[in-house]
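The block underneath contains the structure these notes are about, expressed in structure tokens.
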2 protein chains.
Amino acid sequence: MSKQISSKMDNLGETLRKLREEKQLPLRTVAAYLDIDQAILSKVERGQRKLNRDQVVKLAQYFQVKEETLLVAWLSDKLVYEVEGEQLALQALQVAEEKIKYTNLKPKE
Amino acid sequence: MSKQISSKMDNLGETLRKLREEKQLPLRTVAAYLDIDQAILSKVERGQRKLNRDQVVKLAQYFQVKEETLLVAWLSDKLVYEVEGEQLALQALQVAEEKIKYTNLKPKE
DNA sequence: TTAATTTTGACAAAATGTGTCAAAACAAAT
DNA sequence: ATTTGTTTTGACACATTTTGTCAAAATTAA
């Protein structure tokens with residue numbers, strides 16, 4: 001069977017909420033750690049706001065999870081947001097992948 | 001052999017420059033059609049500025065090429081820009097693809 | 001060298017992003 | 001059922017980014 005696909009698995013907001021609830025922490029506490037208002041964190045967890053890269057990295061530390069996990073969720077959320085509502089989303093993603101693979105292949109120039 | 005990969009093939013800027021040069025048009029003319037300054041178009045063709053969706057659609061009309069072609073180039077450029085410099089770019093793109101496939105699968109809810 | 005085109009960078013205006021604050025809504029709770 | 005703690009909402013302010021103009025500099029063609 002191939003990789004499981006579920007929003008719970010990959011969305012940053014839901015992942016963060018789950019982590020926070022596991023530890024029974026109020027928004028207030030986690031928000032304070034990030035030095036932002038709890039209102040923002042509430043919105044982040046429900047996908048209405050984005051965090052910046054540094055905040056995501058800090059949260060990986062805080063919750064003791066692999067930075068990579070949260071960063072991929074964060075980045076892919078941004079990508080999905082970018083192509084939201086586009087018929088050609090999938091094709092664009094595939095072309096973007098090829099472009100990235102290509103530039104990774106020859107990093108010179 | 002698989003799909004050819006080259007920046008010329010997929011980048012919006014280079015595609016537009018090629019189309020414009022084929023028709024021997026100065027930046028001024030195409031820019032006027034879009035109702036923007038030629039400076040912007042110059043930057044677009046060299047990848048220093050982005051167009052918006054409507055402008056891309058207008059240019060497909062103008063140059064008589066498939067809208068889809070330019071839109072995929074435009075969208076994928078945006079995606080590449082979004083993950084520029086990220087180690088996890090490829091993984092994020094793949095996850096984003098899965099998310100899109102998934103939501104396309106069940107458009108309800 | 002002139003004339004046309006393209007490129008560059010300083011600037012302005014508009015749009016978006018990022019955060020605060022306080023009130024409203026919700027949940028637990030016994 | 002009111003209290004206490006938490007979460008959600010929306011109005012607001014400030015900062016940053018986008019999107020464009022303009023004119024001068026650089027480049028290309030004649």
Side-chain angles (χ1 to χ4, degrees), chain A residues 7-8 11-60 62-63 70-71 73-86, chain B residues 7-8 11-59 62-63 70-71 73-86 92:
Chain A
S7 54
K8 277 169 187 170
N11 281 344
L12 183 62
E14 296 177 27
T15 302
L16 292 177
R17 171 144 298 185
K18 191 159 285 176
L19 286 168
R20 183 174 62 79
E21 286 177 345
E22 267 170 22
K23 301 225 159 84
Q24 312 236 74
L25 299 167
L27 286 169
R28 182 170 31 81
T29 305
V30 180
Y33 176 76
L34 287 182
D35 198 25
I36 58 175
D37 195 279
Q38 60 175 21
I40 296 178
L41 189 55
S42 169
K43 286 163 188 166
V44 166
E45 289 185 349
R46 279 164 310 106
Q48 294 173 9
R49 283 282 183 113
K50 296 180 209 156
L51 292 178
N52 65 40
R53 200 182 192 288
D54 291 345
Q55 291 168 328
V56 174
V57 169
K58 275 190 93 175
L59 287 177
Y62 188 75
F63 288 123
L70 295 191
L71 282 176
W74 169 73
L75 259 183
S76 62
D77 278 358
K78 288 208 301 179
L79 292 172
V80 168
Y81 177 78
E82 200 72 28
V83 295
E84 119 208 77
E86 286 283 353
Chain B
S7 55
K8 277 171 187 169
N11 281 344
L12 183 62
E14 295 177 27
T15 301
L16 291 178
R17 171 144 297 185
K18 191 160 286 179
L19 286 168
R20 183 174 62 80
E21 286 177 345
E22 267 171 23
K23 300 224 159 85
Q24 311 236 76
L25 300 167
L27 286 169
R28 179 170 34 80
T29 305
V30 180
Y33 175 77
L34 287 183
D35 197 26
I36 58 175
D37 195 279
Q38 61 175 21
I40 295 178
L41 190 55
S42 169
K43 286 164 187 165
V44 166
E45 288 185 349
R46 277 163 312 104
Q48 294 174 9
R49 283 282 182 114
K50 296 180 211 157
L51 293 178
N52 64 40
R53 201 183 191 286
D54 292 345
Q55 291 168 328
V56 173
V57 169
K58 275 190 92 173
L59 287 177
Y62 187 76
F63 287 125
L70 296 192
L71 282 176
W74 169 72
L75 260 183
S76 62
D77 278 357
K78 287 208 301 179
L79 292 172
V80 168
Y81 177 78
E82 201 70 28
V83 295
E84 119 207 78
E86 286 283 353

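Within every chain, numbering begins at 1; the chains are lettered A, B, ... in the order of the sequence lines, protein sequences first and strands thereafter.
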Taking atom [atom2] of [N] as reference, at what distance in whole Å does atom [atom1] of [X] sit?
{"X": "A:Q48", "N": "D:dT7", "atom1": "CD", "atom2": "P", "value": "15 Å"}
{"X": "B:E82", "N": "C:dG17", "atom1": "CD", "atom2": "P", "value": "10 Å"}
{"X": "A:R17", "N": "D:dT7", "atom1": "CZ", "atom2": "P", "value": "7 Å"}
{"X": "A:L41", "N": "D:dT7", "atom1": "CG", "atom2": "C1'", "value": "11 Å"}
{"X": "A:Q24", "N": "D:dT7", "atom1": "CD", "atom2": "P", "value": "11 Å"}

Could you pull out the closest heavy-atom pair between [X] and [Y], with the gap in Å?
{"X": "B:S42", "Y": "B:L27", "value": "CB-CD1, 3.7 Å"}
{"X": "A:L75", "Y": "B:A92", "value": "CB-CB, 3.5 Å"}
{"X": "B:V30", "Y": "B:R20", "value": "CG2-CD, 3.7 Å"}
{"X": "B:K23", "Y": "B:F63", "value": "NZ-O, 3.4 Å"}

Per-helix bend value, the helix from C:dT1-D:dA30 to C:dA29-D:dT2, C1' rotation axes over five pairs per end, 10° rounding, shows 50°
Residue pair A:I40 / A:L34, side-chain heavy-atom distance below 4.5 Å:
no
Just verifying a value: how many Å separate [X] [atom1] and [Y] [atom2], rounded to the nearest 0.5 Å?
{"X": "A:E14", "Y": "A:L19", "atom1": "CD", "atom2": "CG", "result": "12.0 Å"}
{"X": "A:L41", "Y": "A:R46", "atom1": "CG", "atom2": "CZ", "result": "10.0 Å"}
{"X": "A:E45", "Y": "A:T15", "atom1": "CD", "atom2": "OG1", "result": "10.5 Å"}
{"X": "A:N11", "Y": "A:R17", "atom1": "CG", "atom2": "CZ", "result": "13.0 Å"}
{"X": "B:L71", "Y": "B:R53", "atom1": "CG", "atom2": "CZ", "result": "5.0 Å"}
{"X": "A:N52", "Y": "A:Q55", "atom1": "CG", "atom2": "CD", "result": "3.5 Å"}

Pair listing, ring-ring contact (aromatic ring centres under 6.0 Å, His included) test, anchored in residues 12-59 of chain B, at least two apart
B:Y33-B:Y62
Looking only at the side chain of B:R46 (C-beta and beyond, no hydrogens), which of the listed nucleotides C:dT7, D:dT9, C:dA10 gets closest?
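The listed nucleotide nearest to B:R46's side chain is C:dT7.
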So, does the side chain of A:K43 form a donor-acceptor pair with the base of C:dG19 at under 3.5 Å?
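No such pair is found, so the answer is no.
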Please step through side-chain contact (heavy atoms from CB on, under 4.5 Å) for the pair B:L51 and B:L16, ending with a clear verdict.
CA-CA 11 Å; B:L51 293 178; B:L16 291 178; 3.9 Å; yes
Please give me every residue in residues 50-60 of chain A whose heavy atoms get under 4.0 Å of an atom in DNA chain D, ordered by residue number.
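Nothing qualifies; none.
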Of all residues at least two apart in sequence or in a different chain, which pass the side-chain contact (heavy atoms from CB on, under 4.5 Å) check with A:A60?
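Only A:V65, A:E67, A:L70 meet the side-chain contact (heavy atoms from CB on, under 4.5 Å) criterion with A:A60.
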Under a 4.0 Å heavy-atom cut-off, which of residues 28-40 of chain A touch DNA chain C?
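Residues of residues 28-40 of chain A under 4.0 Å from DNA chain C: A:I36, A:D37, A:A39, A:I40.
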Just to confirm, is there a sub-4.0 Å distance from OP1 or OP2 of [N] to any side-chain nitrogen or oxygen of [X]?
{"X": "A:R20", "N": "D:dT7", "result": "yes"}
{"X": "A:S42", "N": "D:dT8", "result": "yes"}
{"X": "A:R49", "N": "C:dT16", "result": "no"}

Taking only nitrogen or oxygen atoms into account, show me every contact under 3.5 Å that the protein makes with nucleotides 27-30 of chain D, one pair per line with its distance.
none

